[in-house]
Amino acid sequence: MGSCGNQIAEEHLQQQKEYMEQIRALMAQRSEHPPAAFVDTYGCQQNEADSERIRGMLQQMGYHFITEEEKADLIVINTCAVRAHAEQRVLGNVGALTHTKRKNPNQIICLCGCMMQEAHMEEKIRKSFRHVDIVFGPHALWRFPELLHRKLTKGGRLFETAPSDGVIAEGLPVVRRDPPKAWVIIMQGCNNFCSYCIVPYVRGREHSRMPDQIVAEVEALVAQGYKDIMLLGQNVNSYGKDLALSIDFSELLRRLNRIEGDFILRFMTSHPKDASPRLFQTMAECEKIECHLHLPFQAGNNRVLKDMNRGYTKEAYLELIRQARQWVPDVVLTSDIIVGFPGETTEEFEDTLDVLRRVEFDALFTFIYSPREGTPAARKKDPMPKEEKQKNFQRLLDVQNEISARKHKAYIGKTVRVLVDGESGEEAYPLSARTKGGRLVHLAGDRDLVGTFAEAKITNASTWALFGTVEKRE
Ligand code: SAH
Ligand code: SF4
Ligand code: F3S
């Protein structure tokens, strides 16, 4: 398919551009009103970034965007498969679309994203959700124009979900959110196969984008006024390993840090097995990299970690944290945790609490284990009753909330540099802002500060956020 490895060849991308032009002409012929599209996204920032490309392609095809499903000529739902809860929400909402389609039989309904790459889910849509017209997985995203063209000219239902090792498609059109925040995908897929996780099955293997392409994209974003650049990958620390170039993630960060302009570089997610002092040193030496490390540890017990196939021990994780703090003393630390992995006992769960107490994270993303069909963990015995998992989960929240509240309280009275990234809709604190470590600040100040850096005096704090007033504009 592609000319070089997993990179989609220019001529194939050119064909898609032609489909976009043809659809634009077709739509103009059919109606004098531009067609309306509704795009909804579930899941992680990777999916959000993909949806920006879906919007980009749709815009090229002449669509405009609306927020009501009923009035849409085209509905695109970009789905997530990471936990059952996300999937149930998608199925509920897609089920409800039978009503909008009954009112508007010409409405085209597309489902895409990770959930569609699961064979059993595709089967379910095929059989039980017959109002869905187009289904495609992440690997076929770049062929969306072709699929839509086929639907518009030939009709029928289309399923494009063949398994794939993953692809990189450069130069797709993109409609981004407004500055200052921008997402930049640096790599696709995952090689780690943590035993509970569906992502490697639906997103394919790790494929890094070429560094020159990433640098050019970030340069263009900075020139357009974006000031908060988030680099995305399932495991950014293994960036470059698949390229025939001598570049790793630290080197990429150093190249991006050299781009002129006042902006912040963030990245998600780092896997502990590939994080190293080299990365921490880079964070310490590059002034544009935010001093925040999201380093998911998932569980504190070594037997459980092994069963999860995470590739590190509790001791190795704690040592990494020590090194990170040595290089970047004020580093803000966050993590992901799973409670109730199959076979984890409450005694083993105590090790998770122990890591929490030792590290004192600034914030956590916590999940109760959700079995994913086809993963090794889903075949394991899972004897712990739901109530016990729920109880452990609550203990985890209680321990962390106390820590988060205490850490946030320590900011009161301090003046910190923030990037004002949006409006909050609250009267007392109309702005939302982020510290250099990524902590949320509800800010009192003028709306014209959005998109700029400012000095903020922190006056109050809660478990989840800081509150402050603008002391000085920059
Ligand atoms: N690549 C990232 C995580 C992507 S998924 C990393 O490795 O850190 C985001 C988080 O969802 C994971 O860190 C994990 O905590 C959680 N998660 C993934 N699969 C899950 C499952 N089956 N049940 C519950 N939580 C899960
Ligand atoms: Fe899933 Fe593990 Fe890959 Fe993260 S590193 S996406 S948790 S398999
Ligand atoms: Fe992201 Fe969900 Fe897919 S977390 S990679 S959208 S399964």
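We're numbering straight along the sequence, starting at 1. Indexing begins at 1, ligand by ligand and atom by atom, following the structure's order.
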Practice task
Taking atom types as modelled, find out whether E122 and T161 have a side-chain donor-acceptor pair closer than 3.5 angstrom.
Solution key: yes
Practice task
Would you mind telling me which of N78, T79, N93 makes a side chain to side chain donor-acceptor pair (under 3.5 Å) with Y42?
Solution key: N93
Problem - Modelled atom types, side-chain donor and acceptor of S208 and D242, under 3.5 Å - result: yes
Exercise for the section: Keeping waters out of it, list the protein N, O or S atoms under 2.8 Å from atom 1 (Fe) of ligand 2. Expected result: C197 SG
Fill in the blank from the handout: Pocket residues around ligand 1 (non-hydrogen, under 4.0 Å) come out as V82, R83, Y196, Q234, T269, P296, Q298, R310, D336, I338, F367, I368, Y369, S370, R372
Handout entry: Y317 and F361 aromatic ring geometry - parallel, tilted or perpendicular at 30°/60° bounds
Key = tilted
Practice task
Would you verify whether the NZ or CZ of R278 falls within 45 degrees of the ring axis of W327 while also being under 6.0 Å from that six-membered ring's centre?
Solution key: no
Handout entry: Qualifying residue for side chain to side chain donor-acceptor pair (under 3.5 Å) with Q188, from H207, Q234, Q46
Key = Q46
Handout entry: Exam field: side chain K380 to backbone P342, donor-acceptor pair closer than 3.5 Å
Key = no
Handout entry: Proximal atoms of ligand 2 relative to H271 (non-hydrogen, under 4.0 Å)
Key = 5 (S)
Handout entry: Geometric cation-pi criterion, R143 with F136: 6.0 Å, 45°
Key = no
Problem - Cut-off under 2.8 Å, centre atom 1 (Fe) of ligand 3, protein N/O/S atoms - result: C44 SG
Handout entry: Working for side chain to side chain contact (heavy atoms under 4.5 Å, CB included), residues V82 and Y196
Key = CA-CA 9 Å; V82 82; Y196 50 81; over 6 Å; no
Fill in the blank from the handout: Counting from 1 in the order shown, the ligand 2 atoms closer than 4.0 Å to a non-hydrogen atom of R310 are 2 (Fe), 7 (S)
Handout entry: No-hydrogen, no-angle side-chain donor-acceptor test under 3.5 Å, N302 and E315
Key = yes
Practice task
Would you check if there is a donor-acceptor pair between the side chains of T352 and N301 at a distance under 3.5 Å?
Solution key: no
Practice task
Would you please name every residue forming a side chain to side chain contact (heavy atoms under 4.5 Å, CB included) with A81, sequence neighbours left out?
Solution key: E87, C114, M115, E118, I198
Handout entry: Check: W464 side chain, A461 main-chain N or O, donor-acceptor pair, under 3.5 Å
Key = no
Exercise for the section: Output yes when D330 and K436 qualify as a salt bridge under the 4.0 Å nitrogen-oxygen rule, no when they do not. Expected result: no
Exercise for the section: Within a distance under 4.0 Å of any heavy atom of Q234, pick out the atoms of ligand 3 and give their elements. Expected result: 5 (S)
